[in-house]
4 protein chains.
Amino acid sequence: LGSGKLASYIPELARADPSKFALVLRSVDGHVVRSGHAEEPFTFQSVSKVFTFCYLLSTGGDAILDQMPCEPSGDAFHSIVRLEDEHGHPRNPYINAGAIMVSDRLRGSNAKDKIDGFVDFLRALSEGERLQVDERVYASEFATGNRNRALAHYMNHYGLIDDPAMAVDTYFRQCSLTLDTARLARIGLFLANRGRDPETDHRVLTEDHNRTAVALMATCGLYDEVGRYAIRVGVPSKSGVSGPILAVVPGRMTIAAYSPELGPKGNSVAGMTALTVLSKRLRLSVFG
Amino acid sequence: LGSGKLASYIPELARADPSKFALVLRSVDGHVVRSGHAEEPFTFQSVSKVFTFCYLLSTGGDAILDQMPCEPSGDAFHSIVRLEDEHGHPRNPYINAGAIMVSDRLRGSNAKDKIDGFVDFLRALSEGERLQVDERVYASEFATGNRNRALAHYMNHYGLIDDPAMAVDTYFRQCSLTLDTARLARIGLFLANRGRDPETDHRVLTEDHNRTAVALMATCGLYDEVGRYAIRVGVPSKSGVSGPILAVVPGRMTIAAYSPELGPKGNSVAGMTALTVLSKRLRLSVFG
Amino acid sequence: LGSGKLASYIPELARADPSKFALVLRSVDGHVVRSGHAEEPFTFQSVSKVFTFCYLLSTGGDAILDQMPCEPSGDAFHSIVRLEDEHGHPRNPYINAGAIMVSDRLRGSNAKDKIDGFVDFLRALSEGERLQVDERVYASEFATGNRNRALAHYMNHYGLIDDPAMAVDTYFRQCSLTLDTARLARIGLFLANRGRDPETDHRVLTEDHNRTAVALMATCGLYDEVGRYAIRVGVPSKSGVSGPILAVVPGRMTIAAYSPELGPKGNSVAGMTALTVLSKRLRLSVFG
Amino acid sequence: LGSGKLASYIPELARADPSKFALVLRSVDGHVVRSGHAEEPFTFQSVSKVFTFCYLLSTGGDAILDQMPCEPSGDAFHSIVRLEDEHGHPRNPYINAGAIMVSDRLRGSNAKDKIDGFVDFLRALSEGERLQVDERVYASEFATGNRNRALAHYMNHYGLIDDPAMAVDTYFRQCSLTLDTARLARIGLFLANRGRDPETDHRVLTEDHNRTAVALMATCGLYDEVGRYAIRVGVPSKSGVSGPILAVVPGRMTIAAYSPELGPKGNSVAGMTALTVLSKRLRLSVFG
């Protein structure tokens, strides 16, 4: 703690309490271990990209897989450069451009409808609870989100997005949904269990789609730190600039970590450290 | 078979027999399953990058890890663009620039010495057999390797390589070493066993270094098809343009596949298909 | 004639009559030579970029010169790549990004106001005539202009544009203003006369600003064909995808050419050929 | 004076005397005006690119014009990025890659021969004097020129260069030829006189080739400051990192300026200032 910096590009995020830290393990066979401020709220941010992608796949939207190569970009998450080289096709669903394309394709005739559907999807994974949009963060995202609008218009030029304004509005709302470390470990549990929620026995995704979502976490989930993280932690994960990291240990458990101070690549410093130690101690790395 | 194309950028590679196919599984507890032309020779090509990297780590050369970010590049394996943006630092040891940096740092005062040391390293992993350089392929690499020379000089400009001519000569030789599918599955076995050769009990790499080499296969091992391959196969692997793929299933086995016809991204078509089927049937994917 | 292609990216432009050709010379001392369809209407398109830039400079907007390097980009006119590398600053006012920044800064509280002011500026250069927006072309630009919207939002992210929607709307309108070859040669005449309209004696620009506008035509006026054009024609010029080219021979004359079929770089084939011949015959090249 | 920095990337250049300044005007009708240290020696550096290009054109080597687009690159003079995008073709003969391609094609079977031919070419323009290679600068160039070697090997990969080592050696030698401001104004005089040396009446280049060389100075002659320079000075010019600028006023004169301290873009600060003042005072700008 204390060695990173709060995200500042969205002003609201700079108001987080840097002393907060939480770690929650939830196994597919029902065990839960919590430590720290497991109910400290934070906004979903980029971790939401995994769940809108899963939601889209679960509602028949897998045609999107034909329109992205599903490869790491090698660039920053908000980069527009490859869109120009690659005719508007985003590399994968976990960079901004790809996530905005996902949001564009969610069911619903306006951003609010789309988000309502997404919240319903998450509610089924979270004991009936409905996530809420943090209106201040949403207003902050909306006011500062011009680079995302540029991405959306660029993809629209190539016919890959239907409604750029609605797509980014949906994206800003999904990023502003509030949850906490305990809930994050819970809603991701199906990812560690081949697509079936082990607590409700509800099949969320087919095994193939689940593997797609998890494999993409391993190759594209931690911005331009994904390679080092694979070496150090070795568990498919997705981070967000508000400070959470969701790690999925296939067949075993989810681990959600939270601490709002970020390292130079935009990932939670304390979260990464905790996951590094835990991975080593519990031999969690999928790479041996 | 029949749906890909032989590599043509090195003329000698275009002479391979496209009807050859082999698949060898070798488990860490001593089982071997072979099918097809398991002793059909091919040159090491890019699969060698994993082993020179391991050899360098095994001889105290891990300072190299401070000089590469160990991230996927998002670009073609021979691209020079990022070197300009990133002050000569290659992204990882499995693209050409990174592999040439590795070759530059191998012990030895000339290319032949360096390769002799490397062959000794491999001999210990392969029942005493010494791999030989295919002189025709080597001559072909040497004659056509100007893009690699450009990479070497560029890194030399930034002081990251000592001797560009020796580095690329070493690199051409290592790529031209001849082995076969059976041997490939054998020499990679330590990678599936936390760095210890299970048949000789010889520790090749520390657990940390072994995890580094394997994790990098997962994020950077299949050129710009690494993301799709993670989805379809889900096993850390390294491919080469001569047609081999080495797959490492941590804790369980290696699988070596061979077929010289390549798909549009430079990976063996039949090899990838075989590994996809096998991964599904045997539930090998590390991503669930 | 007949060896190029009509612009197709804006559907309305594809309806032009490819058999039309016009060439008008207008000297600063009052001579006019017209040939061909000198009153065939076409829309202003990129040639408007020179005049909005001049208009902005004439109304005290030269602070914009501190926010662009005024260098050739080396890229296509609609490229967004350098904006990412260069913190949103467009290279020059004659590529799309720069022209949109210019439009953003024109006086007026909405796009229509801004265009009214611009039309007034042009009226003073054109014997009192008011150019009209071609509503079909405007609708076509508006409907297909998403790449330009992307540029505008990207610059807005860096605080370099105030109102992206208004800026691109203004830009689409200015591109859709209708004029003809005779009028084009007339309105550009001040550029050939150190910033003073020789027919009305009205000073349009200071000598310094005029030299800025003309020099930028020489280095940035013909998309990525500017170098070859400098060699072949050697006269500062600006082209547009509707088929016009305005050439400025300092101290002597303007030459306006028109033919809607474009070469591979987006410049009028017949227009360039006519200017090449004329430049050689009349020794117009400023490069000797 | 005093506001720039000596070039440091070649160690020998950092030893220049920053207090030296010279300005020489030489008109096509025989007038010469000299001021300052007009005989202070400096090495040719990038100004040589104009003359090797002219020399190549004069010896029948104009096939090179089909292998470069002759466009500004928009990038730094030593950039390798576009070579990758554009299959090894350099943008123009005045960036390093293009100049190295020119050097590769000069007549001669080794670097020394090529340079001897080039020196003979220059001797005819300079009252019989033979320029000499500054061996210390040459050694310095040779020792630090790895980025240039990378460019050469990259172009060789695409078959655009015959002998990379000889090409860069030639290039280093031409850059190391020693001359002074007075001589520079003299040898460039044919460029201001449509390709004919006005003092000897010797035709050096055809009018077309001469226009090519001069037009390229206007669009590509001052690195990534060419656009601003066109605005401020408006005279086709070529600069070098040792501090000279050669300006060609078509039909009238050459102006050579020298001062070794460079601005942020690599051009002589005092040289540019002198040329800016002179251009304004004498109304030299070709842009009005």
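No hydrogens, no waters, no symmetry mates; every other heavy atom, side chains included, goes into these values. Residue numbering restarts at 1 for every chain, and letters A, B, ... go by the order of the sequence lines.
The shortest heavy-atom contact between B:F287 and A:V214 is O-CG1, 3.6 Å. Shortest non-hydrogen contact noted between A:I231 and B:L216 is CD1-CG, 4.0 Å. When all heavy atoms of A:D75 and B:R82 are compared, the pair lying nearest together is OD1-NH2, 2.8 Å.
A:R91 places a side-chain N or O within donor-acceptor distance of the main-chain N or O of B:G74, the cut-off being under 3.5 Å.
Looking only at side-chain heavy atoms (C-beta outward), A:V226 and B:E71 come within less than 4.5 Å of each other. Counting heavy atoms from C-beta on, the side chains of B:R228 and A:T219 never come closer than 4.5 Å.
Using a 4.5 Å cut-off between heavy atoms, A:P72 touches chain B through backbone and side chain atoms alike. Using a 4.5 Å cut-off between heavy atoms, A:S285 touches chain B through its side chain atoms alone. Using a 4.5 Å cut-off between heavy atoms, A:D208 contacts chain B through its side chain alone, with no backbone atom that close.
If you tally non-hydrogen atom pairs under 4.5 Å between each of A:C220, A:C70, A:A230 and chain B, the highest count goes to A:C70.
No salt bridge links A:K280 with B:E207; every basic N to acidic carboxylate O contact stays at or beyond 4.0 Å.
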